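See structure below.
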Amino acid sequence: MTATLPPAAPVPTARWLLEPQVGLCACAPSGRRRKGTYVTRTIDAAAGVVRAALFAEDAAAQPGLLQRLDARVKLVTLLGLLVAVSLVQQIPVLVVAYAATLVLAVLSKLPLGAFVRRVWLAIPLFTGIVVLPATLNLITKGHVVVPLGSWFGHRVGMTAPGLTGAARIVLRVATSVSVAVLLTTTTRWTRLLAALRALLVPRMFVLVLGVAYRYLFHLLGSVTDMYEARRARTVGAEDGRSGRAFVAASAGALFGKSHQLAEEVHQAMVARGYVGDARTLSAFRLRALDVAWIAVAVVAAGALVGLDRGL
Amino acid sequence: MPSEPLLEVHDLHYAYLGRFPALAGVSLTVEAGEKLALLGANGCGKSTLLKVLDGLLFPDAGTYRAFGAEITETGLEDEQRNRGFRSRIGFIFQNSDAQVFSPTVREEVAFGPLTMGLDAAEVEARVHDTLAMLNIAPLAERAPYQLSGGEKKRVAIASVLAMNPEVLLFDEPTAALDPRTQGWLIELIVELNAAGKTIVLATHDLDTLPLLADRAVVFGEDHRLAATGPPDELLADHDLLLITNLALRRR
Ligand SMILES: Nc1ncnc2c1ncn2[C@@H]1O[C@H](COP(=O)(O)OP(=O)(O)OP(=O)(O)O)[C@@H](O)[C@H]1O
Ligand SMILES: [Mg+2]
């Protein structure tokens, strides 16, 4: 059986601790400066994520069009619009659909620049890499409109059908991501969870999402604390390599720490009666605006698909 | 049974991960309306016992009875049981960081009453009153994880008080608070107790002990109880305080 720790300091305090440290305290500036290293940048990045999440909460509090809708209505109609967008083939129709998401963003008082950037930053990563090769005549046959040179004696270039296909995919993804961003930035996280619960998403799933969100903040807080603690104990300039070694080592510690915290957060929720139902202060109500919105969404989805078939 | 104690644990054993013992044969009763303090050195098992009392950890061996029924993990899976138990007993964690998880202070305080199933108007009223009572109304729209340590503690306390439980478990309530807020919290605990609430708290603060408790139990380093009695008596027993690491040995 382990006993508790012995009373503090039965061992005499080390002599060096009781004497002032000589020579290291060159507190005057030396004129040499260094840009922040990896480690410093990590702290800033952590702070950035918190800021982005707060931006979402701010946007959700604006008195815009989408913010005023019932969360369940919003979730279902936007999902419906996503399906409609995925059925559309014609590029002009997709352009119209994308433009419509921009209009919705403006009506919901979202900063348009940030909204567009958020969507288009995500696209090259996920889509560009997949789509680019498909524009080449090696994969999609057709008339080469953008010749790129020759490769093992074959003429290589982008074909007209390849480019059209790529534009279709990119536009469709952009529109879908925009719709998703519209939903998540105009809805408080707790209301979204409550809406998921109301729509019969399994309790356990909603519970995990709820804890994960709270947990994200703590994790970022821990990262910031750990790096700051390290920075406070780093004498002199930090070099990149030891910074990276620290990152590797601290990831493990962080995992242990955050696991324990997640456990406590969950206990705290259970202690106050949480069994997986997210409830919110304001009750769900279906109002005139919601009904009007449902009508608009149904007509819009029908028009998109109809227009697409008609063209 | 008219004279059954409110809470009763018998021969509790608990080890974290089956390897790190935290409780090794603890028996204790809590009577309705009393103020009971748990004393002991760091790591002796106070927080663990409180978590067992709150139905968050379940003993490896031994029994726990609360409000006349045995509390078990499977028993608490019953929704009605769970709701009844959770609304009668509240727990203010040692680490208030863990305890605040909602996007705003207002929602944090509303969380418990909402899970209890109170209607919206009642929840609004309770949130309003608790925020005012704990003097945190100006923080209502802030995110709880952006507050200072002491402010977080108040939010944590508010979030539990809003449920109006009849038993309150405090894990080191006065840690992280400035002296004035400490004084205020001590008064609040005394007042709540006078209003009929049962209080169980873990503390290291021997100075305020006589105010905060009618009775105290002292944990030994072996994760068992070493003594029980009125605070004055325990505090006068210098040998006991020495062997339980609660008093300073002169060097
Ligand atoms: N999550 C955990 N995993 C493993 N061991 C743990 C964990 N939490 C606590 N322990 C161990 O269980 C024992 C009792 O811990 P507990 O937190 O109950 O002590 P405590 O009396 O509240 O101490 P303190 O006064 O420092 O808060 C300690 O030996 C501790 O090391
Ligand atoms: Mg403790």
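A, B, ... follow the sequence lines: proteins, then strands. Residue 1 opens every chain. Just so it is clear, the model here is predicted, and its values are computed rather than measured.
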Check whether [X] gets within reach of chain A through its side chain, its backbone, both or neither, counting any heavy atom under 4.5 Å.
{"X": "B:E108", "result": "both"}
{"X": "B:S87", "result": "neither"}
{"X": "B:L57", "result": "side chain"}

message = Treating B:R86 as the side-chain partner and A:V270 as the backbone partner, does any N or O pair qualify as donor plus acceptor under 3.5 Å?
response =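 Yes, because the side chain of B:R86 sits within donor-acceptor range (under 3.5 Å) of the backbone of A:V270.
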### Message
Between A:R272 (side chain only) and B:M163 (backbone N and O only), is there a donor and an acceptor less than 3.5 Å apart?
### Response
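No.
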Residues A:A271 and B:F93: closest non-hydrogen pair is CB-CE1, 4.5 Å
On a heavy-atom basis, the closest approach of A:Q267 and B:L56 is O-CD2, 3.4 Å
- Query: Within a radius of less than 6.0 Å around CD of B:E70, do more than 12 heavy atoms belonging to other residues, nucleotides or ligands occur?
  - Reply: yes
*Just wondering, more than 12 heavy atoms not from B:H128 lying within 6.0 Å of its NE2?*
no
When rounded to the nearest 0.5 angstrom, what distance separates CD in B:Q94 from CD in A:E264?
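It is 8.0 Å, given to the nearest 0.5 Å.
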